[in-house]
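Worksheet for the structure shown next.
Labels below follow one simple rule: chain letters A, B, ... track the order of the sequence lines, proteins then strands, and each chain is numbered from 1. Predicted model only: the values in this text are computed from it and were never measured.
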Protein chains: 2
Amino acid sequence: MRLPKDHSSLHCHDCPDKSCAAALLNDREIDLIFKNRNISEVRKRTNILNEGSPVSHVIYLRSGLVKEYRIRSDNQEQILQIVKPHSYLGMTSLFGDKFNHYSYESLTDLKLCYIDSDIFISLVRNNGNFAFEILTSVERDSTNNFHRFINQGNKKIYSRVADILIYFSRIVFSSKKLQIPLTRSELAEMAGTSRESIGRVITKFKSEGIIKTSGKNITINDIKKLENISKFG
Amino acid sequence: MRLPKDHSSLHCHDCPDKSCAAALLNDREIDLIFKNRNISEVRKRTNILNEGSPVSHVIYLRSGLVKEYRIRSDNQEQILQIVKPHSYLGMTSLFGDKFNHYSYESLTDLKLCYIDSDIFISLVRNNGNFAFEILTSVERDSTNNFHRFINQGNKKIYSRVADILIYFSRIVFSSKKLQIPLTRSELAEMAGTSRESIGRVITKFKSEGIIKTSGKNITINDIKKLENISKFG
DNA sequence: GTATTTATGTGATGCGCATCACATAACTCC
DNA sequence: GGAGTTATGTGATGCGCATCACATAAATAC
């Protein structure tokens with residue numbers, strides 16, 4: 001299907017990157033969004049949202065990868081998750097105190113839709129099925145992230161690195177060929193370790209034939225072994 | 001206001017422990033709940049819900065304290081939060097895969113309301129304002145818990161114990177006199193450390209005059225100092 | 001009230017990994 | 001293409017705290 005290059009002329013109705021929840025909106029509701037949304041294209045390594053900034057829009061990620069992070073009390077960054085396409089940025093803040101809890105930065109080139117948050121909330125309030133779908137998807141993401149962190153706490157370095165690789169394979173790329181757009185330091189910020197430890201473990205996994213690296217790309221040869229390490233260390 | 005001892009005869013409409021969200025339901029909707037709910041009184045240290053069990057009801061905690069926990073891959077318990085009155089147990093599972101993600105055990109004597117989950121979901125789907133309120137409260141709890149864990153990861157033992165004491169003071173009891181119904185081992189399961197470390201730090205805080213203990217009760221003398229330790233170690 | 005069980009405190013030991021320093025590789029900018 | 005910056009790899013060091021063992025205190029069961 002041929003798409004016009006300038007997506008801003010494309011009606012939300014015909015958007016190829018539409019979210020599941022949007023499918024539950026009727027024509028009038030979709031029109032409302034269409035009239036109150038902005039499309040944006042963003043380059044890699046660009047700041048999108050800052051922790052502490054007020055929530056004015058719901059941001060729908062149509063394509064690309066985004067890192068969600070926070071600054072810890074020791075002034076180090078802590079990466080919370082990699083946001084994939086067809087997700088919303090900062091959604092948890094929309095239903096809270098109206099300030100963004102985390103920061104977002106593009107890891108690749110992106111396509112975003114900004115939807116006015118008051119419009120979005122009025123849709124939630126007026127369409128119970130849409131609300132339910134939003135509730136369900138927000139809850140699923142929250143639970144998955146929460147589970148990752150509560151699982152991380154008592155793990156030693158090998159399990160943590162295995163976890164990260166499995167995360168990219170299972171959740172982000174759905175593939176064993178990983179094109180991870182993160183430095184070793186960033187992987188460390190995600191795993192809760194140091195960049196030196198990340199390097200040592202990756203070198204070890206390579207020497208054991210569990211993975212293969214080529215530049216930034218990692219190929220998982222033995223995911224069973226990784227899962228075992230994830231569980232038992 | 002005098003209450004009948006047998007609360008099962010009390011209409012949900014007149015419940016003194018009603019949730020904020022319930023206030024958004026109309027008479028017909030409240031009637032629906034009333035006809036599809038069970039009241040239960042539970043003794044301390046009683047199992048309420050098991051991880052992995054199917055979600056059949058929404059459980060509203062009218063009074064008492066509950067610990068929410070999970071079993072880690074090393075077969076140790078990990079306490080995720082202390083659930084306070086006027087909260088729902090296992091709500092995040094309701095919108096997910098329909099199986100309880102965590103286990104719940106009473107820490108004190110409880111009063112619970114069991115609400116049929118299908119009825120609850122239909123209320124969410126049909127009443128956008130109620131859905132919004134549920135979404136908001138679930139999101140707030142999720143975010144607070146998530147924040148606690150992502151904050152915990154890089155903290156050393158003194159900060160972790162300070163965090164736990166502040167949590168009980170600010171979130172659970174809203175007081176500086178803490179009647180914590182947990183053993184040292186359970187505090188360790190919450191803080192992510194060992195019971196010996198918990199004991200050593202509490203002894204240290206006592207010797208520094210930051211807290212005072214009397215049996216299981218802890219009184220916080222210097223919460224500013226605790227907050228400082230929480231932040232900087 | 002006593003026996004048994006559980007909770008707690010304490011000291012000693014050693015492991016895991018962060019940190020530091022430095023060298024090399026890769027990338028970016030001009 | 002070269003200079004400068006950033007990313008990465010590696011070795012050495014020492015700190016923080018879990019673990020273990022054991023003794024004592026407190027709670028529970030009969």
Side-chain angles (χ1 to χ4, degrees), chain A residues 43-46 67 72-79 105 107-108 152-164 179-208 211-218 229 232-233, chain B residues 43-46 67 72-79 105 107-108 152-164 179-208 211-218 229 232-233:
Chain A
R43 303 263 187 184
K44 67 197 269 184
R45 296 292 172 180
T46 302
K67 84 177 180 184
R72 292 190 316 224
S73 49
D74 60 356
N75 267 339
Q76 293 299 313
E77 275 189 18
Q78 176 182 20
I79 295 177
E105 174 183 303
L107 294 174
T108 65
Q152 184 181 82
N154 70 308
K155 288 191 171 185
K156 297 186 189 293
I157 184 61
Y158 281 85
S159 298
R160 289 173 183 245
V161 178
D163 278 348
I164 292 293
Q179 218 158 353
I180 303 178
L182 297 174
T183 66
R184 292 290 181 266
S185 292
E186 284 174 318
L187 286 173
E189 284 162 10
M190 198 167 182
T193 76
S194 69
R195 67 157 188 89
E196 291 94 342
S197 295
I198 293 287
R200 295 191 227 274
V201 174
I202 286 181
T203 298
K204 183 74 137 83
F205 284 171
K206 276 159 71 181
S207 76
E208 290 177 3
I211 62 174
K212 194 168 64 185
T213 66
S214 161
K216 269 186 181 305
N217 300 343
I218 294 178
I229 294 171
F232 304 111
Chain B
R43 301 256 185 194
K44 67 197 269 184
R45 295 294 172 178
T46 302
K67 82 177 182 184
R72 289 188 321 223
S73 49
D74 59 356
N75 267 340
Q76 292 300 313
E77 275 190 18
Q78 176 182 21
I79 295 177
E105 174 183 304
L107 294 175
T108 64
Q152 185 180 84
N154 71 307
K155 288 192 170 185
K156 296 186 190 295
I157 185 61
Y158 281 84
S159 297
R160 288 173 183 245
V161 179
D163 279 347
I164 292 293
Q179 216 158 354
I180 304 178
L182 296 174
T183 66
R184 291 292 181 266
S185 290
E186 284 174 318
L187 286 174
E189 284 163 11
M190 199 167 182
T193 76
S194 68
R195 67 157 188 89
E196 292 94 341
S197 296
I198 293 287
R200 295 189 227 273
V201 175
I202 287 181
T203 299
K204 183 69 139 80
F205 284 171
K206 277 160 69 179
S207 78
E208 290 179 2
I211 62 172
K212 194 169 65 185
T213 67
S214 160
K216 269 187 180 305
N217 300 343
I218 294 178
I229 294 170
F232 304 112

task = Could you please spell out the steps behind the side chain to side chain contact (heavy atoms under 4.5 Å, CB included) verdict for A/Lys44 and A/Leu107?
result = CA-CA 5 Å; A/Lys44 67 197 269 184; A/Leu107 294 174; over 6 Å; no
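- At distances below 3.5 Å, at least one donor-acceptor pair connects side-chain atoms of A/Lys216 with backbone N or O atoms of A/Leu182.
- In this entry the distance linking CD of B/Glu186 with C1' of C/dT8 reads 14 Å, nearest Å.
- The interatomic distance linking B/Asp74 (CG) with D/dA18 (C1') rounds to 12 Å, in whole Å.
- Atom-to-atom distance recorded for B/Asn154:CG and A/Asp74:CG is 5.0 Å, nearest 0.5 angstrom.
- Between B/Arg45 atom CZ and C/dA7 atom P the separation is 8 Å, expressed in whole Å.
- With hydrogens and angles ignored, the 3.5 Å screen pairs no side-chain donor or acceptor of A/Ser214 with any backbone N or O of A/Asn217.
- The backbone N or O of B/Ile229 sits less than 3.5 Å from a side-chain atom of B/Ser159, completing a donor-acceptor pair.
- Following rounding to the nearest Å, B/Leu187 (CG) and C/dG9 (P) show an atom-to-atom distance of 11 Å.
- Of the residues in residues 192-205 of chain B, B/Arg195, B/Glu196, B/Gly199, B/Arg200, B/Thr203 come within less than 4.0 Å of DNA chain C through at least one heavy atom, sorted by number.
- In this structure, B/Arg72 places its CZ atom 11 Å from P of D/dA18, rounding to the nearest Å.
- Scanning all heavy atoms of the two residues, the minimum distance from B/Glu77 to B/Arg72 falls at O-NH1, 4.5 Å.
- Summarising the geometry, the separation between NZ on A/Lys216 and C1' on D/dA7 is reported as 8 Å, rounded to the nearest angstrom.
- Between the side chain of A/Arg160 and the backbone N or O of A/Lys155, at least one donor-acceptor pair lies under 3.5 Å.
- Rounding to whole angstrom units, CG of residue B/Asn217 and P of C/dT8 are separated by 13 Å.
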Audit row: B/Asp163, B/Gln152, side chain to side chain contact (heavy atoms under 4.5 Å, CB included) steps and yes/no = CA-CA 8 Å; B/Asp163 279 347; B/Gln152 185 180 84; 5.5 Å; no
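- Annotation: the terminal axes of the helix from C/dG1-D/dC30 to C/dC30-D/dG1 meet at 60°, where each axis is the rotation carrying the C1' atoms of four end pairs onto the next four (5 pairs per end, rounded to 10°).
- Spacing between atom CG of A/Asn154 and atom C1' of D/dT19 amounts to 15 Å, rounded to whole angstrom units.
- A donor-acceptor pair is defined here as one N or O able to donate and one able to accept, closer than 3.5 Å; such a pair exists between the side chain of B/Glu186 and the backbone of B/Thr183.
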